[in-house]
Amino acid sequence: MAAPCRRMAGRSLLQFLSSFSRTSVNNSGFRQISSTSVCRRSWQAQHVEESASSPWTLMAAVCLQRLPVISAESSPIEQQFRDMMSQMEQEKSMLSDHELRLLDDADRIRRMQTGEYDSDEEDDRRDQEIVLAQDLEDSWDQKLKNFQPAPRVTAADGDPRSLQRRLADSLLLLVEQPVGGQKVWLLPQTQWQQGETLRETAERALTSLPAAAGFKAMFLGNTPCGVYKYKLPKAARTESSVGTKVFFFKAVLADAGPPAAPDSPLMWVTKSELQHHLKPAYMMKVERFLLGL
Amino acid sequence: MSVCLSRSLCRVLSRHTASSSFMLGEHHHAVLSPWFASVMTLKTSAPLRAEPKKKKKVSPMTEQLQRDRLKKRVKRLEKVPPELIPIEDLITPVTCMDETRERSAPNLSFEESERRALLLKEWCRFKQEQHMAEMQAVELALKAQTEALEELKLESEELYHAALKPDTHLFPFTHEGPVHTPPMNTYEAPDGKYNDITKVYTQ
């Protein structure tokens with residue numbers, strides 16, 4: 001009982017460690033402001049002015065996850081341990097009814113062959129003489145062979161837009177949105193408006209995506225799970241807008257709806273693939289709350 | 001003893017006479033029925049003459065007494081602690097105690113036992129690393145969240161308070177856990193008919 005439970009919890013290790021080591025190497029030299037000044041040269045200051053006291057623009061983004069559909073693959077040591085445990089448990093166990101029947105049948109056949117068999121002695125085995133336990137086992141094996149389960153590794157693994165890819169990992173939704181004149185891959189975000197809470201802004205960010213029509217998401221709480229703030233390049237800064245703070249909200253995908261068109265600007269990626277698409281400073285903040293997906 | 005008997009006899013007899021006198025409306029002192037001839041020579045005390053009062057107490061008294069007796073019986077039954085419901089998981093079934101079911105002990109070679117011991121130690125190390133990694137991941141996520149809340153507080157108080165409010169629609173939260181193979185749309189599962197033979201105990 002211990003081995004399968006631990007296997008479920010152990011899925012995060014490899015992915016987490018691999019992403020952790022990779023990102024720590026990448027982020028050694030990057031400072032926040034230098035990366036943003038490169039990206040956001042022509043910033044249009046058309047955003048809504050919120051309360052006069054704060055010069056930061058507020059935005060909310062949604063971190064939409066599709067949770068894994070199948071159990072994670074076991075690492076070699078997990079497999080070895082599982083085999084060893086099942087072997088040890090079988091050695092310590094008692095014989096089951098089926099095994100006893102197998103032994104008795106084998107014994108009876110042996111006695112029949114040597115000629116000592118007396119059918120009058122065995123008066124409670126009339127029906128079991130016809131069907132041997134071994135035959136039952138063979139029929140069960142045959143039934144199992146006839147059943148073909150769906151493959152764990154599907155053909156859609158390479159297609160970033162398909163929701164059926166990488167069923168053993170949890171996927172994160174990325175969209176390509178124009179930020180500061182440039183198209184950037186990031187978590188779907190939108191600006192905060194007066195009169196709504198940040199969570200409502202995040203919900204609006206999700207529903208306003210044209211490609212994400214029909215997505216049913218369950219938001220996990222009212223609290224943001226992370227924040228990313230960046231200052232505008234010095235040229236575009238005014239007294240009322242110094243930069244932007246993006247608050248992330250976690251959500252779990254409940255229903256995907258119709259599949260997306262092939263040219264839609266959205267992508268489902270695993271944590272290990274995130275670093276290829278996100279900007280390094282952004283990635284550093286986002287991967288903190290993605291618990292070793 | 002004989003005095004008691006006579007007294008009770010007197011009471012019984014006087015009950016009958018009392019009823020007749022009550023009906024007739026005569027004073028009981030004046031009534032001297034022929035049955036009393038011998039008994040009246042014995043002492044008759046004042047309560048014996050107070051027939052009508054006693055009669056009123058008699059029938060409510062017996063009903064009261066019967067009710068009290070029943071209540072006492074019910075209380076005695078209730079005082080008995082209820083029979084404990086057996087936990088069937090904790091009772092080893094008799095079939096497991098059978099000696100014919102014992103498996104013969106396997107002979108492990110030295111290499112095999114060594115391999116098992118080393119694998120157990122490796123597993124221990126692996127699980128510890130996994131646990132530490134999980135704890136660190138949770139701490140990191142928590143740090144990210146506190147940072148987000150601090151930034152929000154710097155921005156606006158009301159948004160901060162709105163973020164701190166608990167979400168009432170979140171719980172009860174259900175999610176179908178991962179299975180071994182992905183579900184097949186075209187598969188028709190066979191009818192799973194079963195007879196439920198679990199024993200239900202009532203106290």
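In what follows, chains are A, B, ... by sequence order, proteins preceding strands, each numbered from 1. Atoms considered below: every heavy atom in the structure, side chains included; atoms not considered: hydrogens, waters and symmetry mates.
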Note to self: With chain B as the partner, which of A:Phe147, A:Phe289, A:Phe247 has the greatest number of non-hydrogen pairs under 4.5 Å?
What the structure shows: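 Looking at each option in turn, the highest pair count goes to A:Phe247.
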Next item on the list: Count the heavy-atom pairs under 4.5 Å between each of A:Leu67, A:Leu220, A:Leu95 and chain B, then report the option with the highest count.
Entry: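 Sorted descending by pairs with chain B, the first entry is A:Leu95.
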Would you mind reporting whether [Y] and [X] have side-chain heavy atoms less than 4.5 Å apart?
{"X": "B:Glu112", "Y": "A:Gln87", "answer": "yes"}
{"X": "B:Leu170", "Y": "A:Phe219", "answer": "no"}
{"X": "A:Thr223", "Y": "B:Leu149", "answer": "yes"}
{"X": "B:Glu176", "Y": "A:Val69", "answer": "no"}

For [X], which atoms come within 4.5 Å of any heavy atom of chain B: side chain, backbone, both, or neither?
{"X": "A:Glu200", "value": "neither"}
{"X": "A:Phe249", "value": "neither"}
{"X": "A:Leu198", "value": "both"}
{"X": "A:Gln164", "value": "neither"}

With a 4.5 Å cut-off on heavy-atom pairs, point out which of [options] contacts chain A the most.
{"options": "B:Gln145, B:Lys143, B:His169", "answer": "B:Gln145"}
{"options": "B:Glu102, B:Glu122, B:Glu150", "answer": "B:Glu122"}
{"options": "B:Arg116, B:Glu158, B:Lys165, B:Glu147", "answer": "B:Arg116"}
{"options": "B:Glu151, B:Met184, B:His175", "answer": "B:Glu151"}

Margin query: At a 4.5 Å cut-off on heavy atoms, which part of B:Pro106 comes close to chain A: side chain, backbone, both, or neither?
Written below: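 Contact with chain A involves the side chain of B:Pro106 alone.
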Next item on the list: Look only at the side chain of A:Arg152 and the backbone of B:Thr181, and say whether a donor-acceptor pair between them is shorter than 3.5 Å.
Entry: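 No, the answer is negative, given that no donor and acceptor are paired below the 3.5 Å cut-off.
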Notebook entry, point to check: Just by modelled atom types, is the A:Glu91 backbone N or O under 3.5 Å from a matching donor or acceptor in the B:Arg103 side chain?
Noted result: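 Absent.
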